[in-house]
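The structure under discussion appears below in the form of structure tokens.
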Amino acid sequence: METGRGEEPLGIAAALVRTSFLVQTVYTEASRAHGLPAQQAQLICVLTAQPHGMGELSTMLGLEKSSLTGLVDRAERRGLVRREPDPQDRRAVRVALTSEGARVSGAFSALASARMEALTGGVSTAERNRLAAALGQLVRSNEVPAVFAEPQQQSGAAAAGRQAVDSTEPAPVNELYKQVP
């Protein structure tokens, strides 16, 4: 069976892997636009909904605790996060966004979301809605933690940060993909 462009359709594994590369490229480019390493962008996105303990963050981000400690240290030095006592365990700390971190998170999320939305520009609204439903079911059935929220689902300072988004048109996706090493 051929697609409309004379190409063979992709199998599910190839489609998911190639989509992952495409999404990661856009995510990395959006983080760079805000002067953030991709891992710091991931960290602040995870913290947008609520503070998390170091163990939770290690699991959510797939990082060893020593790597996570360094990541949190660097984000803390930039004024994006703060460590605070865990109310459930006096020996532990939770990591939370600062007001600056929430502002940057909101602006980053808005830019990343706009650029992700642009990826579906060549797809009909009905196909886009089916894709979102299928991917939503996939992440829910695999219990993927909520590591990114649509900007309209954010509140407070993170939502206010969306107002700081660069209004320039995003680069075409094929150009973004070529820029990532």
Side-chain angles (χ1 to χ4, degrees), residues 15-52 57-63 67-68 70-82 95-123 125 127-129 131-136 138-139 142 144-181:
L16 286 173
V17 169
R18 289 172 71 177
T19 300
S20 173
F21 274 84
L22 180 61
V23 168
Q24 193 58 45
T25 298
V26 172
Y27 194 90
T28 299
E29 196 278 334
S31 68
R32 286 181 184 162
H34 286 281
L36 296 169
Q39 282 192 319
Q40 276 188 13
Q42 290 173 333
L43 175 65
I44 65 174
C45 283
V46 167
L47 295 172
T48 297
Q50 66 183 36
H52 289 284
L57 288 173
S58 177
T59 300
M60 292 174 88
L61 297 172
L63 295 173
S67 297
L68 177 62
L71 176 63
V72 171
D73 287 346
R74 289 185 297 279
E76 192 172 35
R77 280 194 298 274
R78 290 185 69 174
L80 301 174
V81 301
R82 69 177 177 278
V95 181
L97 289 178
T98 61
S99 58
E100 175 65 6
R103 184 194 67 74
V104 171
S105 176
F108 165 76
S109 295
L111 179 60
S113 292
R115 292 185 177 182
M116 297 290 175
E117 293 275 337
L119 295 176
T120 62
V123 212
T125 301
E127 289 172 318
R128 186 173 173 267
N129 291 340
L131 176 63
L135 291 174
L138 181 70
V139 297
N142 285 283
V144 177
V147 295
F148 188 86
E150 298 286 341
Q152 65 270 21
Q153 295 172 338
Q154 296 175 0
S155 61
R162 288 193 309 270
Q163 297 171 2
V165 172
D166 182 4
S167 63
T168 60
E169 286 293 315
V173 173
N174 61 346
E175 293 303 315
L176 292 175
Y177 194 71
K178 291 176 188 173
Q179 294 173 13
V180 175

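Just so it is clear, the values below take in all heavy atoms, side chains as well, and ignore hydrogens, waters and symmetry mates.
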Do the non-hydrogen side-chain atoms of V123 and L131 ever get within less than 4.5 Å of each other?
-> no
Check whether any side-chain N or O of T19 sits under 3.5 Å from a backbone N or O of A15 as a donor-acceptor pair, and report yes or no.
-> yes
Say you draw a straight line from CD of Q39 to CG of L63; how long is it, rounded to the nearest 0.5 Å?
-> 5.0 Å
For residues S31 and A41, report the shortest heavy-atom separation together with the two atoms involved.
-> CB-CB, 3.7 Å
Check: L36 and R78 side chains under 4.5 Å, non-hydrogen atoms = yes
How about R77 and D73: do any of their side-chain heavy atoms sit closer than 4.5 Å?
-> yes
Once you round to the nearest 0.5 Å, how far does CG of L43 lie from CG of L68?
-> 7.0 Å
Looking only at atom types and distance, does a side-chain atom of T120 sit under 3.5 Å from a main-chain N or O of E117, one as donor and one as acceptor?
-> yes
Taking side chain as C-beta onward, heavy atoms only, is L71 less than 4.5 Å from L57?
-> no
Rounded distance [0.5 Å steps], OG1 in T48 versus CZ in F108 = 9.5 Å
Main-chain N/O of S99 paired with R103 side-chain donor or acceptor, under 3.5 Å | no
Between the CG atom in L80 and the CD atom in Q40, the distance rounded to the nearest 0.5 Å is 6.0 Å
To the nearest 0.5 Å, what is the distance between OG (S58) and NE2 (H52)?
-> 13.0 Å
Does T28 reach the side chain of Q24, with side-chain heavy atoms less than 4.5 Å apart?
-> yes
Donor-acceptor contact below 3.5 Å, side chain R82 vs main chain L97 | yes
Could you tell me whether a side-chain N or O of S20 sits under 3.5 Å from a main-chain N or O of L16, the two making a donor and an acceptor?
-> no
